[in-house]
Every structure is written in C-alpha cells, then in structure tokens.
Amino acid sequence: MGSMKPEVSQEVLPYLIEYKDGTVERLVGTQVTPPGSDPQTGVVSKDVLVVPETGVSVRLYRPIDTPKDKKLPLVVYFHGGAFCIATVGEPLYHNSLNVLVANSNVVAASVDFRNSPEFPLPAAYEDSWAALEWVASHAAGGGPEVWLNENVDFEKVYLAGDSAGANISHHMAIRARSTRIDGLKFHGILMIQPYFWGEKPIGSEVTDTVRKGMVDIWWRYVCPSDKGCDDPLINPFADGSPCLSGLACDRVIVCVAEKDILRDRGVLYYDALVKSGWGGKVEFLEVEGEDHVFHLFNPTCEKAMNMIKRLACFINEQSEI
C-alpha cells in the first residue's frame with residue numbers, strides 16, 4: 001500500500017503546491033538544460049558560481065566566434081517565474097538567451113537567484129545585487145572570469161528581464177543610483193512584460209477578476225507583506241516608493257503584450273516614467289495578439305523575432321543623452 005500524499009497547505013496555480021509538512025511541489029519550470037555550444041545560434045554558454053555561501057550563480061553567454069579582447073556590451077538578465085519557479089537552466093530561458101545574444105552580439109550574464117518560498121523575498125533582489133557586484137569586480141580586468149575580463153565593455157551594461165525579472169531590473173536600477181557600484185555604466189533597461197501590480201485594479205483587471213485574483217495570490221505568497229499587492233517591491237507607485245526619476249540609466253524600453261493581464265501595469269510604468277522628470281529616453285513596444293512571455297514559448301516565431309530585433313537595436317543604438 002502506497003504512502004499517502006501530505007495535506008495541501010496552499011495551491012499557487014499554475015506554479016506550485018505547498019504541503020503542510022513544508023515540502024513544495026513545483027508543477028512547471030523544473031526542467032534544466034546544461035550550458036554549452038548552440039550551433040543554431042552560434043552562441044556558447046557556461047555556468048559560474050558567484051556566491052558560494054548562497055549558491056547564487058550566473059550562466060554566461062557569448063557568440064562562439066568572439067575573438068579575444070573584442071569588447072561587447074553586457075546584458076545582465078534576470079529571469080521570470082513569479083519569484084517562485086524557473087532557473088537559468090530552464091530550457092525556455094536558455095533558448096531565449098541564445099537568440100537574444102546571437103541577434104544583439106553581446107555577452108549576457110543570466111542570474112540564477114534563489115526562489116520563494118524556500119528563500120522568501122527579498123532574497124531574489126539581494127542575490128541579484130550580489131551578482132551585479134560580482135560582475136563589477138571584473139571592470140578593471142582582473143576578475144575571476146575570463147569571458148568578462150576579455151570580452152565585456154563595462155561602459156555599456158544593460159539590465160534586462162521578463163516578468164519578475166523586469167521587476168528586478170527596475171529595483172536594481174533604483175538601488176544603483178543610491179548605492180554606488182564601481183566600474184559599471186548602466187546604459188539602459190530592457191523591460192519585457194514587466195511584473196508590477198497593485199491592490200486596486202486598473203484597465204483590464206477591473207473586468208478580468210479571475211486573473212486579477214490569481215496574480216494577487218502569486219504575490220501574496222512570495223511576499224507576505226502587510227501591504228499586500230501595494231508593497232513597494234511590486235507596486236512602484238505605492239506611497240514611499242522610490243521615484244522613477246532615480247533610475248541609474250539613461251534609456252529604457254518597455255515591452256508589453258496585448259492580451260497579458262500585466263499589460264496595463266507596463267503601460268502605467270511607461271507613462272509614469274515619461275512624466276517623471278527622469279530625463280532619459282524611454283521607448284514602448286506593444287505586441288498585438290499575444291499573451292504573457294509568448295516569446296519564451298516560441299522564440300523563433302515572427303512576432304518574437306521582431307521583438308528580439310527591436311531589443312537588439314535598442315542595445316546597439318548609441319545613446320543620444
């Protein structure tokens with residue numbers, strides 16, 4: 001006779017189930033693809049441990065044919081997954097980063113931060129900052145990782161991420177303005193369908209009560225704050241949140257998808273940044289007929305490739321600021 005499953009404590013669908021004995025069963029985002037050479041995109045990758053005490057690592061990417069001492073822009077990428085699923089090795093992320101690196105001709109460092117609930121927020125933010133500090137340790141050319149020493153132009157660093165990762169990018173740019181991180185010049189942020197939220201519904205959230213309630217549950221699970229979905233980590237416009245004019249870069253692109261329940265929050269962020277007095281250049285891209293992180297599920301479809309090409313142009317365009 002088989003053993004009975006433990007009693008369910010909470011379901012955070014479609015991501016995971018937590019049981020009363022403390023175990024967590026993740027329903028998605030558990031597959032892992034190893035790094036290596038990808039002949040389809042001409043990109044090579046490897047994993048590097050960054051903080052041994054916490055296990056935080058990065059997966060580095062660069063074009064295979066990059067010659068020694070060829071300096072390329074660096075994209076520091078933060079993956080999505082509602083802060084509770086996925087890793088840099090998740091096949092959807094690994095494949096997407098290969099495509100982004102190939103089209104942009106950059107070096108990328110994809111950050112493998114720790115997930116909730118085992119490591120509740122703000123662990124993901126602290127891990128991401130630690131990864132940035134590790135990257136910065138290479139700016140003078142004497143860091144522990146040869147790819148960064150040889151191939152990165154630290155005057156052209158971009159923060160990037162999708163969903164929760166775009167949220168992290170925002171907070172890293174805010175923190176970098178108030179806490180100096182020597183050696184890195186942040187040129188811009190690539191915000192792909194950013195995960196921001198709030199207690200009071202806006203836009204399509206007013207009528208789409210099912211998805212509004214679902215996203216409420218996600219956030220309250222990973223961040224059991226007494227402020228709920230108006231915690232400053234998820235709502236940049238909550239009382240006491242840092243002003244958007246404090247972003248430590250001079251360019252931002254905000255990408256949203258028409259059918260995404262998070263769309264209106266991305267639009268709100270874009271509009272607020274335009275009016276903030278920040279002084280930088282902000283661009284907006286809406287992909288019609290698509291839902292949240294559609295590009296991960298089909299990274300070579302026409303709409304995904306158009307978005308990637310737009311991001312590549314954003315990275316390689318000289319700042320006019």
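In this text the structure is predicted, and so the values were computed from the model without any measurement.
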message: For Gln10, I'd like to know if atom CD has over 12 heavy atoms of other residues, nucleotides or ligands within 6.0 Å.
response: yes
message: When you compare the side chains of His187 and Arg251, does any donor N or O come within less than 3.5 Å of an acceptor on the partner?
response: no
- request: Look at the side chain of His170 and the backbone N and O of Ala166, then say whether any donor-acceptor pair between them is shorter than 3.5 Å.
  value: no
statement: Separation between CD (Glu90) and CG (Asn95), nearest 0.5 Å, reads 9.0 Å
- request: Going by the side-chain contact (heavy atoms from CB on, under 4.5 Å) test, name the single residue among Asn151, Val152, Thr66, Val101 that passes it with Val106.
  value: Val101
message: Looking at Glu205 and Lys212, is there a salt bridge between them, counting it only when a charged N and a carboxylate O are closer than 4.0 Å?
response: no
- prompt: Which atoms form the tightest heavy-atom contact between Ser169 and Gly161, and what is the distance?
  reply: OG-N, 3.7 Å
- request: Report the distance from atom NE2 of His138 to atom CG of Leu184, rounding to the nearest 0.5 Å.
  value: 11.0 Å
query: Just wondering, are more than 12 heavy atoms of other shown residues or ligands nearer than 6.0 Å to CD in Gln40?
result: no
message: Assess whether a salt bridge exists between Glu258 and Lys303, defined as any Lys/Arg side-chain N lying under 4.0 Å from an Asp/Glu carboxylate O.
response: no
- prompt: Run the side chain to side chain contact (heavy atoms under 4.5 Å, CB included) check on Thr209 and Thr207 step by step: do they pass?
  reply: CA-CA 6 Å; Thr209 56; Thr207 54; over 6 Å; no
- prompt: When you look at Lys70 and Asp153, which way does the salt bridge (charged side-chain N to carboxylate O under 4.0 Å, His left out) test go after all the steps?
  reply: CA-CA 9 Å; Lys70 170 68 174 178; Asp153 181 351; over 6 Å; no
query: What is the minimum heavy-atom distance between Ser104 and Asn316, and which atoms define it?
result: O-ND2, 3.0 Å
- request: Ignoring hydrogens and angles, tell me if any N or O in the side chain of Asn149 forms a donor-acceptor pair with the backbone of Gly143 under 3.5 Å.
  value: yes
field: Ring geometry between Tyr158 and Phe314 (parallel below 30°, tilted from 30 to 60°, perpendicular above 60°)
entry: perpendicular
message: Please determine whether a side-chain nitrogen of the Lys or Arg among Lys71 and Asp69 lies less than 4.0 Å from a carboxylate oxygen of the Asp or Glu.
response: no
N-O pairing of Glu126 and Arg175 below 4.0 Å: yes
- prompt: So among Tyr15, Tyr125, Tyr221, Trp218, which one has a ring-ring contact (aromatic ring centres under 6.0 Å, His included) with Phe83?
  reply: Tyr125
task: Could you label the plane-to-plane angle of the Phe113 and His79 rings as parallel, tilted or perpendicular, counting under 30° as parallel and over 60° as perpendicular?
output: parallel
message: Looking at every non-hydrogen atom in both residues, tell me the closest pair between Cys249 and Ile189 and how far apart they are.
response: SG-CG1, 3.7 Å
message: Taking Glu302 first and then Lys309, would you say they form a salt bridge - that is, a charged N and a carboxylate O separated by under 4.0 Å?
response: no
query: When you check the side-chain N and O atoms of His292 and Ser163, is any donor under 3.5 Å from an acceptor?
result: yes
query: What are the two closest non-hydrogen atoms of Glu286 and Arg263, and how far apart are they?
result: OE2-NE, 2.7 Å
- request: Count the heavy atoms belonging to other residues, nucleotides or ligands that lie under 6.0 Å from NZ of Lys227, then report whether that count exceeds 12.
  value: no
field: Polar contact flag, side-chain donor to acceptor under 3.5 angstrom, Asp38-Tyr61
entry: no
- prompt: Mind checking whether Tyr77 and Leu190 have side chains closer than 4.5 Å, heavy atoms only?
  reply: no
statement: Minimal heavy-atom distance between Arg26 and Pro117, with the atoms involved, is NH2-CD, 3.7 Å
query: Under 4.0 Å between a Lys/Arg side-chain N and an Asp/Glu carboxylate O for Glu283 and Arg310?
result: yes
